[in-house]
Amino acid sequence: GEDVEQSLFLSVREGDSSVINCTYTDSSSTYLYWYKQEPGAGLQLLTYIFSNMDMKQDQRLTVLLNKKDKHLSLRIADTQTGDSAIYFCADSGGGSQGNLIFGKGTKLSVKP
Amino acid sequence: EPEVTQTPSHQVTQMGQEVILRCVPISNHLYFYWYRQILGQKVEFLVSFYNNEISEKSEIFDDQFSVERPDGSNFTLKIRSTKLEDSAMYFCASSRGGRVATQETQYFGPGTRLLVL
């Protein structure tokens with residue numbers, strides 16, 4: 001079945017850029033998403049990219065999509081301590097109604 | 001900005017009891033979903049709902065689970081006889097459109113943390 005994989009941990013220093021990577025298996029996805037989960041909180045939609053795009057920029061966030069390699073990345077510029085959270089990559093390829101397939105999440109730790 | 005809300009935020013129940021988790025989706029959304037996240041594991045799809053019926057369900061969504069839209073605003077998930085392994089965070093989500101539409105982005109509620117003892 002479809003699968004989404006992410007590395008589990010990333011640690012950066014405040015002010016540096018963070019790059020979180022994701023690979024997915026379903027080639028029929030229309031959208032790919034990044035969600036953020038802060039401790040004890042729900043899933044906050046951060047950004048998404050349509051599958052026929054290769055890049056999307058939204059303020060400090062840059063999403064890169066390599067459809068050939070089924071690789072998605074999220075770059076956070078000038079990472080702040082408030083960016084510390086778990087970041088989930090999700091693929092809309094599941095089922096006919098676009099049920100999301102999530103990765104396990106990457107825990108981003110930002111050190112001052 | 002409109003958001004998905006869920007109640008309660010936490011629920012503790014005894015094994016074998018019935019629980020109902022409630023969600024109020026965004027008001028002009030037409031597609032509704034439940035997902036769950038067992039502690040330390042992936043967020044998993046349970047069920048999608050459109051036009052007052054289940055569109056799709058995963059293998060997790062067995063006969064112990066049911067969903068309902070009892071009125072124009074609420075969307076509920078019922079677990080008939082809870083098991084220990086049902087302990088998880090349950091997320092409700094809604095979207096304006098489904099997969100074939102251009103507005104399929106799903107917005108999630110804050111979740112209900114269910115603990116079955």
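A, B, ... follow the sequence lines: proteins, then strands. Residue 1 opens every chain.
- Within the 4.5 angstrom heavy-atom criterion, no atom of B:Glu3 approaches chain A.
- Proximity to chain B is limited to the side chain of A:Leu45, based on heavy atoms less than 4.5 angstrom apart.
- Counting heavy-atom neighbours within 6.0 Å of A:Gln59 CD, excluding the residue itself, gives a total of 12 or less.
- Ring orientation note: the planes of B:Phe75 and B:Phe32 are tilted relative to one another, at an angle of 30° to 60°.
- Ring pair B:Phe65/B:Tyr90 is tilted by interplanar angle, where 30° to 60° counts as tilted.
- Interface remark: A:Gln37 contributes side-chain atoms only to the contact with chain B (heavy atom separation under 4.5 Å).
- Paired with A:Gln6 under the rule side-chain hydrogen bond (donor to acceptor under 3.5 Å, both in side chains), one option of A:Asn21, A:Thr23, A:Thr106 passes, and it is A:Thr106.
- No part of A:Phe50 comes within reach of chain B, as not one of its non-hydrogen atoms sits under 4.5 angstrom from that chain.
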